[in-house]
Amino acid sequence: MFKRILIANRGEIALRIIRACHEMNIEAVAVFSEADRGADYLRQTDRAVCIGSTIPKESYLRMDRIIAAAEVTGADAIHPGYGFLAENAQFAQMCRDCKLEFIGPSADAMRKLGDKASARQIAKAARVPTVPGSDGLVESDEEAVEVAESIGFPVMIKASAGGGGRGMRIARDKTDLIAALKQARQEAAGAFNNDAIYLEKYIDQPRHVEVQIMADQSGAVIHLYERDCTIQRRHQKLIEEAPSPAIDSRTRRDLCHAAVKLAKAAKYTTAGTVEFLVDAKGKFYFIEVNARIQVEHPVTEMLTGIDLIKLQIKAAAGEPLGISQRSVRTDGHVIECRINAEDPYNGFRPCAGRIEKFRPPGGFGVRLDSHVFEGYKVSPYYDSLVGKLIVHQPTRLEAIRAMQRCLREMTVEPIKTTIPFHLRVLEHPRFQAGEIDTGFIERTLL
Ligand code: ADP
């Protein structure tokens, strides 16, 4: 097992990993930017190294400085968390070339699955259903029109290197498509340094259901069931829950089986998520793989009682998972709300600033993953996540009620947060009935 892990991240996920390390008797080394100097979670680490200025490009994205910090502090592995360098295959390779284990899949698996068009090819070859669309990348406008006409409009243009809900455009007809293609390429080149795009059929009013997988170095792959992340704004998740209220046990079995098949086909190791869209008839289609631990991983932890970060570290260290598929059990219902420092009454504008009053909720089956406290300053330079509130109850209805109670109890002042917006979603009869799709927020609440 590792002796000392360097955490190449910040905020709540850094704290989450520090906690797992200490429970495993592993030392935790943190890196931080000037903006995070003095942050409370850094005091929990065994060592903390400043790696540069506030902007991510000069600190959390500086591979050379992170590797140097690991070498200086004698770390033997690097945990990338999510975001920043978590899905950067070059960084994974660089770490391993420097005899530092990267806690994630091989650079090769990451490259193959990180590129969405290539992940689709792997899924197809493994006979996992994919959204109807182009066979690989679309090179010309003529080819795009041909594909779109054969699958039928509306279609979605997607950046192959896209992520975080960015790099997607809907085209409703041929004229729309030709105009959108150019913009999509330009956007993709600007945002991801890669203008490769492909086409998918636009699935009408889908649900987003994803499967958590875990794989060790010996080729053993297990799934830890699904999470439903249908409540989104602009393709970004706001609320996640498990089990999915939208699928029956047969679909669940097929979905989880498909995810494992795909992981095996890509020789995937450690923690990953296979994302699917589920249409109104309950048919599912693969969309992409997230080759890292995800923001919403606590949902699965509460549902299964399994610590995913510890398991991920074990798998990266070459140890067997020690958990068979049959021993993975789920219990009750879990809901997670992402509490962001954003003003829901003002276009979800980020609201950086000092938190003067902070009162976390508590009680039966309540978990808050957060790095903030009274006096903490939310930085405008990083994502606006203040904390993840997770509740675990016997049934979905009880989970909704517990979440409502917690959101009313929680105080984060004077900055604006998404708490009041979550309350609006939770009290909506359609949400309560589980009758939602990915367009629910935009259609009903904005
Ligand atoms: P990202 O990597 O940016 O998160 P994804 O491919 O995972 O992008 O898609 C994010 C969200 O966009 C999905 O959860 C869904 O709401 C929407 N989406 C993606 N592909 C389609 C599609 N073919 N039809 C309809 N909605 C889609």
Side-chain angles (χ1 to χ4, degrees), residues 87 112-189 191-192 194-211 228-230 232-237 246 255 258-259 261-262 265-266 273-291 437-440 442:
E87 289 180 274
K112 281 188 193 142
L113 295 175
D115 181 86
K116 292 185 179 193
S118 136
R120 266 168 67 83
Q121 306 282 27
I122 296 172
K124 275 190 197 165
R127 296 178 167 276
V128 170
T130 53
V131 182
S134 55
D135 221 5
L137 300 176
V138 165
E139 309 287 352
S140 67
D141 288 7
E142 296 74 44
E143 192 188 342
V145 172
E146 211 174 284
V147 173
E149 282 174 346
S150 78
I151 59 177
F153 284 98
V155 295
M156 204 138 179
I157 309 169
K158 284 189 168 185
S160 200
R166 296 184 308 156
M168 279 179 282
R169 265 166 188 274
I170 302 167
R172 307 213 168 262
D173 54 42
K174 193 172 158 183
T175 335
D176 223 16
L177 177 64
I178 289 171
L181 278 169
K182 200 165 164 230
Q183 289 166 337
R185 282 191 200 281
Q186 274 171 359
E187 258 174 36
F192 314 110
N194 178 348
D195 74 353
I197 51 150
Y198 65 101
L199 287 195
E200 262 180 14
K201 181 158 184 64
Y202 180 72
I203 308 286
D204 193 35
Q205 307 202 342
R207 302 189 60 122
H208 175 116
V209 184
E210 58 187 33
V211 178
D228 190 312
C229 313
T230 299
Q232 307 178 346
R233 178 182 160 267
R234 295 198 179 159
H235 308 307
Q236 298 236 45
K237 300 161 188 168
L255 200 67
K261 244 190 342 191
L262 181 57
T273 300
V274 186
E275 298 191 332
F276 298 90
L277 293 180
V278 179
D279 71 11
K281 294 194 188 105
K283 251 187 101 171
F284 64 84
Y285 308 90
F286 165 79
I287 47 171
E288 67 158 347
V289 172
N290 285 142
D437 61 77
T438 56
F440 171 76
E442 268 97 3

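Ionic pairing of Glu200 and Arg120 is present here: one or more N-O contacts between side-chain nitrogen and carboxylate oxygen are shorter than 4.0 angstrom. The existence of a salt bridge linking Asp135 and Lys124 is confirmed by a sub-4.0 Å separation between a basic side-chain nitrogen and an acidic carboxylate oxygen. Remark: Glu275 engages Lys237 in a salt bridge, criterion side-chain N to carboxylate O under 4.0 Å.
Counting heavy atoms from C-beta outward, Thr230 and Phe440 have side chains that stay 4.5 Å or more apart. The side-chain heavy atoms of Tyr198 and Lys116, taken from C-beta on, include a pair separated by under 4.5 Å. Inter-residue side-chain proximity for Asp115 and Ser160 is flagged as met; some heavy-atom pair is nearer than 4.5 Å.
For Tyr202, there are no ring-ring contact (aromatic ring centres under 6.0 Å, His included) partners, not counting sequence neighbours. With sequence neighbours left out, Ala148 forms a side-chain contact (heavy atoms from CB on, under 4.5 Å) with Phe153, Val155, Leu177, Leu199. For the side-chain contact (heavy atoms from CB on, under 4.5 Å) test, residues two or more places apart in sequence or in another chain that qualify with Lys201 are Val131, Pro132, Ile151. Residues that satisfy the side-chain contact (heavy atoms from CB on, under 4.5 Å) test with Ala126, not counting sequence neighbours, are Val128, Ala265. Here Glu87 pairs with Asn290, Ala291, Arg292 under the side-chain contact (heavy atoms from CB on, under 4.5 Å) rule; sequence neighbours left out.
The two residues Ala123 and Thr130 have their closest heavy-atom pair at CB-CG2, 3.6 Å. Nearest heavy atoms, Ile287 versus Lys158: CG2-NZ, 4.0 Å.
Annotation: Gln121, atom CD; neighbour count of heavy atoms from other residues, nucleotides and ligands within 6.0 Å is above 12.
Judged as a side chain to side chain donor-acceptor pair (under 3.5 Å), the pairs with a partner in residues 173-183 (not counting sequence neighbours) are, in order, Arg169-Gln183.
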